[in-house]
Amino acid sequence: MLKQKGQSAVELAIILPTFFTFIFAIIYTGIMFMDYIQFSNAARSVARDIALEKNPTARSEIIKEIKGEIVKDKKYLDRYVNPITTLYNTKFDANPINDEKDIEVTVSFERNDENFPLLLDELNFPPKNLNPIKYTMPLEKSEG
């Protein structure tokens, strides 16, 4: 019996890091999912704004700003998205499709390895690339 005095300390030393890693993974996955939902809502809102814009010149200006071809003082996307993490680099793209009757907004994701220690790279957590988000909406008739 005397040889078992440190047994609980050894068990705690083995279990505690595993427990905290598991809890951290659950919390961080929730935060990543919250960012993903925020980008999904932003893509839908941007697609809606472009689709409702009746002026073709203003519509093309919005599309150029989304693609990053025009940079203004206050970025257009800042109104819609404010991610909690910088884990993923995102790229918004907007293109007219179906003979310019519809607009398709796409958000693609790539993991930003600069801000994240890749301790779990072998497990691919967090994933290197997430599935892109795509929204398609019909365009309003142009003025004129």
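Because the structure is predicted, anything quoted here is derived from the model rather than measured. Note: hydrogens, waters and symmetry copies are ignored here, and every other heavy atom, side chains too, is used.
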What are the two closest non-hydrogen atoms of [X] and [Y], and how far apart are they?
X: Pro132; Y: Ser108; result: CB-CA, 4.3 Å
X: Ala43; Y: Val107; result: CB-CG2, 3.5 Å
X: Thr21; Y: Pro17; result: OG1-O, 2.8 Å
X: Ala51; Y: Met137; result: CB-CB, 4.0 Å
X: Thr18; Y: Ile14; result: OG1-O, 3.4 Å
X: Ala94; Y: Ile63; result: O-CG2, 3.4 Å

With no hydrogens and no angle check, is any side-chain donor or acceptor of Asp35 less than 3.5 Å from a backbone partner on Ile84? yes
Using 0.5 Å steps for rounding, measure from the [atom1] atom of [X] to the [atom2] atom of [Y].
X: Tyr36; Y: Leu130; atom1: OH; atom2: CG; value: 6.5 Å
X: Glu110; Y: Thr90; atom1: CD; atom2: OG1; value: 11.0 Å
X: Arg59; Y: Glu100; atom1: CZ; atom2: CD; value: 8.5 Å
X: Thr136; Y: Arg44; atom1: OG1; atom2: CZ; value: 14.0 Å
X: Ile66; Y: Ile103; atom1: CD1; atom2: CD1; value: 9.0 Å
X: Glu65; Y: Ile50; atom1: CD; atom2: CD1; value: 10.0 Å

By side chain to side chain donor-acceptor pair (under 3.5 Å), which residues pair with [X], not counting sequence neighbours?
X: Arg48; answer: none
X: Lys67; answer: Asn95
X: Ser40; answer: Tyr135

Would Phe109 and Phe39 count as a close aromatic pair, with their ring centres under 6.0 Å? yes
For the aromatic rings, using the six-membered ring if either is Trp, is the centroid distance between Phe20 and Phe24 under 6.0 Å? no
Assigning hydrophobic clusters by single linkage (Ile, Leu, Val, Met, Phe, Trp, Tyr; side-chain heavy-atom cutoff under 4.5 Å), is Met34 placed with Ile23? yes
Same cluster or not: are Leu12 and Phe19 linked, directly or through other Ile, Leu, Val, Met, Phe, Trp or Tyr residues, by side-chain heavy atoms under 4.5 angstrom apart? yes
Are side-chain heavy atoms of Pro83 and Val81 found at a separation under 4.5 Å? yes
Does the side chain of Thr29 reach to within under 4.5 Å of the side chain of Phe33, using non-hydrogen atoms? no
Before you tell me yes or no, could you show the steps for Glu53 and Glu140 under side chain to side chain contact (heavy atoms under 4.5 Å, CB included), namely the whole-Å CA-CA distance, both residues' side-chain angles and the distance that decides it to 0.1 Å? CA-CA 7 Å; Glu53 181 60 57; Glu140 290 288 320; over 6 Å; no
